[in-house]
Amino acid sequence: MSNESHIESWTKSPFSPQVQQEAKAVLDRYKKGETNGLEIEAFTVPLEFGTGGMRGRIGNGIGRMNEFTVGKAALGFSRYLVQKSKKPILVIAYDSRRRSREFAEVTAGVAASFGIKVILFSEVAPTPLLSYAVRYYKATGGVVLTASHNPPEYNGFKAYLSKGEQLAPPDDKKIISLIDKVQDWNEIPFLSSKDAKYKKLVQKAGEDCFSSYLKALKKSGIVSSKVTPKERSQTKLVYSPLHGTGGKYMKKLLQDFGYKNVTLVPEQKDPDGEFPTVKFPNPEEPEALEMSRKLSEKIGADAFIATDPDADRLGIGVKNPKGGYALLNGNQIGSILAAYLAEKVGSKPKKGKKPVLVKTVVTTDLQAEIAKKNKIALKNVLTGFKFIAEVMGKLDKSKTQYFLFGGEESYGYLPVDFVRDKDSLSSALLLMEVLSEKKDLLSYMDDVYLKYGLYQESLKSLTLEGLAGKKKIQDSLQSLRNNDLIGKSIGKRKVTGFLDFKNKIAKGSASKSAFSGLPSSDVIQLELEDQAKLTIRPSGTEPKIKIYSSFKSRTSPKTKTEIPKLTESLLEELKETESLFLQLAGLS
């Protein structure tokens, strides 16, 4: 369809008179030659449904999250479900965002119109619990309405397959094709929650689902035998769900495992899609953790944790020797969890199987060293937790290996095998176990650096919205592909290897084995001297391009006292190199 046709389709039935009027005004401006602006883009640039679902601003038009774009996605997914099973079941969850409950009911109604049994959470629920619920209810698929950590004006639709994992080949292409085939907005079979068919087929998810999750967690083996009930009860923790879904779930979980001294940040404990106390409800942002920090200082907490609105990611601040609190980044949190579990099990077989650690290609290579020195198999995957889940699915069938831990640098981790997405709930429990056993997470992090190598990382995200932004992102990637960088210096280190994950091209010291088992993806990675890497990729969910830097110190610390100075020097080098790389990519 042409841009004009896209706009025209919103000027008639089934849209309300108000929406039709808005579309006619946009059409008039478009015919006069106006092609830029968010309002015109909303009606001309379709909201794409990719392998991670779809996410966008809430509003009218084909490029926004509304009942029709959600209905279209639900329609295509429902057609897939009835093809997949004679008695399909769909589980639906939603977060605290604007219109999330409404979009969940739209999805439930569309599915019910196909005769699909729907299990709908009656209140906001964490994304990892949706992943578990798909498995618990033996469902054919799942959907969660969430835009994760985006600002209030965003929402999203994420679809899951029968094992609780996000869309993966070959099902992803089938589902996307079915959604794309929906061309007439009148096709969408909206069912009201008052409709008899809706009432018959849409059931509420019970509390038994979360109770089952807690039982599975108790059997998971992540609870430390070295920590006494008294030590757990004495650990003082502050928690913030950042106005999202984690509140009651996280507190109940931690209390069930003996962590009775948990205080929720009062201003942020209740679900609120406006996120009134933060600019971004994102645990990666220090500003989002300020209320947690202040409350921790007031009551003398050992640590504070915060989760994003759908509670799949978490950040942590821990008390430092000076009495303040230090924030750990996603690579550090993941490395602490990976090291703790790896050291706990080593390469010892479990029921005849050996452990496997999974990480993404942009996650610190410190975790690769952790796996190597503990004689544990490592699997590198593309960015996106669905690729970790894909490995888990293969390990389910393995007679020689089992899943130990998976993580991403973007504050997402999974230390259990009964969920197939990043999980802040089980990760928080494991972090508390490590804290209660080791007493000082900062000191333990230094132990990890001394044992496996001192690494530091950085992430730079550039927002480039609209068609012009998309072009600039693609131009920057193409310029790097066209430029022979092998042997050239970026800052103080020479480029030794080049990996193009889209075209499966490896140059210099880089090996094509890096592409083994991975689908094509628009990612470029540079290998630099002395175990340093620069990686660049477009975001799959936001109009951003991301640059990841991961550097190992050329000088290995021999004592903990050497670490701060070496870290400062390494971060300065990393920042300088990152700036030069941005210039090289035409993004500065």
Side-chain angles (χ1 to χ4, degrees), residues 329-332 334-335 338 357-372 378-384 387-388 407-410 448-449 452-462 476-477 479-481 483-516 518 521-539 545-556 566-567 569-585 587:
N329 64 39
N331 278 304
Q332 291 172 321
S335 296
L357 193 149
V358 191
K359 75 174 194 68
T360 67
V361 294
V362 299
T363 301
T364 177
D365 279 337
L366 172 58
Q367 291 176 23
E369 290 296 323
I370 290 167
K372 183 179 178 182
L378 176 79
K379 180 66 177 174
N380 264 315
V381 298
L382 294 173
T383 305
F387 295 112
I388 295 176
E408 295 182 309
E409 52 71 41
S410 55
V448 171
Y449 286 143
Y452 304 106
L454 177 58
Y455 286 79
Q456 290 295 314
E457 293 78 29
S458 171
L459 167 62
K460 182 80 172 179
S461 293
L462 300 177
S476 68
L477 291 166
S479 70
L480 291 172
R481 290 186 172 99
N483 193 344
D484 187 4
L485 299 170
I486 303 297
K488 294 182 180 178
S489 293
I490 304 178
K492 297 174 183 176
R493 306 196 193 202
K494 286 184 180 179
V495 178
T496 59
F498 175 93
L499 291 166
D500 178 354
F501 287 81
K502 182 178 181 180
N503 300 304
K504 304 292 179 77
I505 294 171
K507 298 178 183 178
S509 61
S511 170
K512 280 195 171 184
S513 62
F515 309 132
S516 179
L518 301 183
S521 183
D522 204 3
V523 178
I524 291 172
Q525 189 168 78
L526 303 184
E527 296 176 354
L528 281 66
E529 291 176 308
D530 299 320
Q531 292 178 266
K533 285 181 180 176
L534 293 167
T535 311
I536 185 168
R537 59 176 278 271
S539 168
I545 189 165
K546 297 188 173 186
I547 298 92
Y548 305 81
S549 309
S550 179
F551 281 42
K552 185 180 182 182
S553 174
R554 284 171 152 164
T555 304
S556 298
L566 287 172
T567 296
S569 174
L570 190 57
L571 287 172
E572 284 178 7
E573 182 195 358
L574 197 150
K575 187 176 180 181
E576 177 191 355
T577 308
E578 184 179 75
S579 177
L580 292 169
F581 184 57
L582 284 169
Q583 292 178 32
L584 187 65
L587 293 167

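Numbering of residues begins at 1 and proceeds along the displayed sequence.
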Check side-chain hydrogen bond (donor to acceptor under 3.5 Å, both in side chains) between [X] and all other residues, then give those that pass, not counting sequence neighbours.
{"X": "Ser513", "result": "Ser511"}
{"X": "Ser410", "result": "none"}
{"X": "Ser549", "result": "none"}
{"X": "Gln332", "result": "Tyr449"}

What is the distance from atom [atom1] of [X] to atom [atom2] of [Y], rounded to the nearest 0.5 Å?
{"X": "Thr360", "Y": "Ile388", "atom1": "OG1", "atom2": "CD1", "result": "6.5 Å"}
{"X": "Gln525", "Y": "Ile536", "atom1": "CD", "atom2": "CD1", "result": "12.0 Å"}
{"X": "Lys372", "Y": "Ile370", "atom1": "NZ", "atom2": "CD1", "result": "13.5 Å"}

Are [X] and [Y] side-chain neighbours, meaning at least one heavy-atom pair lies under 4.5 Å?
{"X": "Leu366", "Y": "Asn331", "result": "no"}
{"X": "Leu526", "Y": "Leu480", "result": "no"}
{"X": "Leu459", "Y": "Asn329", "result": "no"}
{"X": "Leu534", "Y": "Phe551", "result": "yes"}

What do the steps show when you test Lys488 against Asn483 for side-chain contact (heavy atoms from CB on, under 4.5 Å), and what is the final call?
CA-CA 10 Å; Lys488 294 182 180 178; Asn483 193 344; 3.1 Å; yes
May I have all residue pairs that pass salt bridge (charged side-chain N to carboxylate O under 4.0 Å, His left out) and include part of residues 489-502, sequence neighbours excluded?
Arg481-Asp500, Arg493-Glu573
Residues 578-585 side chain polar contacts: donor-acceptor under 3.5 Å, at least two apart:
from	atom 1	to	atom 2	distance (Å)
Glu578	OE2	Ser458	OG	3.0

Please answer whether the main-chain N or O of Ser476 pairs with a side-chain N or O of Ser479 as donor and acceptor at a distance below 3.5 Å.
yes
State which residues pass side chain to side chain contact (heavy atoms under 4.5 Å, CB included) with [X]; sequence neighbours excluded, sorted by chain then number.
{"X": "Gln531", "value": "Glu369, Tyr455, Lys552"}
{"X": "Ser509", "value": "Thr496, Glu527"}
{"X": "Leu571", "value": "Gln456, Thr567"}

Across all chains, not counting sequence neighbours, the ring-ring contact (aromatic ring centres under 6.0 Å, His included) partners of Phe498 are none
Picking from Val361, Thr383, Asp522, what satisfies side chain to side chain contact (heavy atoms under 4.5 Å, CB included) with Phe501?
Val361
Under the criterion side chain to side chain contact (heavy atoms under 4.5 Å, CB included), which of Glu457, Lys533, Lys359, Glu409 is the partner of Thr364?
Glu457
Any idea which heavy atoms bring [X] and [Y] closest together, and the distance?
{"X": "Lys379", "Y": "Ser516", "value": "NZ-O, 3.6 Å"}
{"X": "Ala338", "Y": "Leu357", "value": "CB-CD1, 3.7 Å"}
{"X": "Ile490", "Y": "Leu528", "value": "O-CD2, 4.2 Å"}
{"X": "Lys504", "Y": "Leu518", "value": "NZ-O, 2.9 Å"}
{"X": "Glu408", "Y": "Gly384", "value": "OE2-N, 2.8 Å"}
{"X": "Ser553", "Y": "Leu570", "value": "N-CD2, 3.7 Å"}

Take a 6.0 Å sphere around NZ of Lys575 and say whether it holds more than 12 heavy atoms from other residues, nucleotides or ligands.
no
Decide if atom NZ of Lys460 counts as having more than 12 heavy atoms of other residues, nucleotides or ligands within a radius under 6.0 Å.
no
Which is it for Leu378 and Asn380 under the side-chain contact (heavy atoms from CB on, under 4.5 Å) test, yes or no, and what are the steps along the way?
CA-CA 7 Å; Leu378 176 79; Asn380 264 315; 4.2 Å; yes
Report the residues that fulfil salt bridge (Lys or Arg N to Asp or Glu O under 4.0 Å) with Glu529, sequence neighbours left out, ordered by chain and then residue number.
Arg554
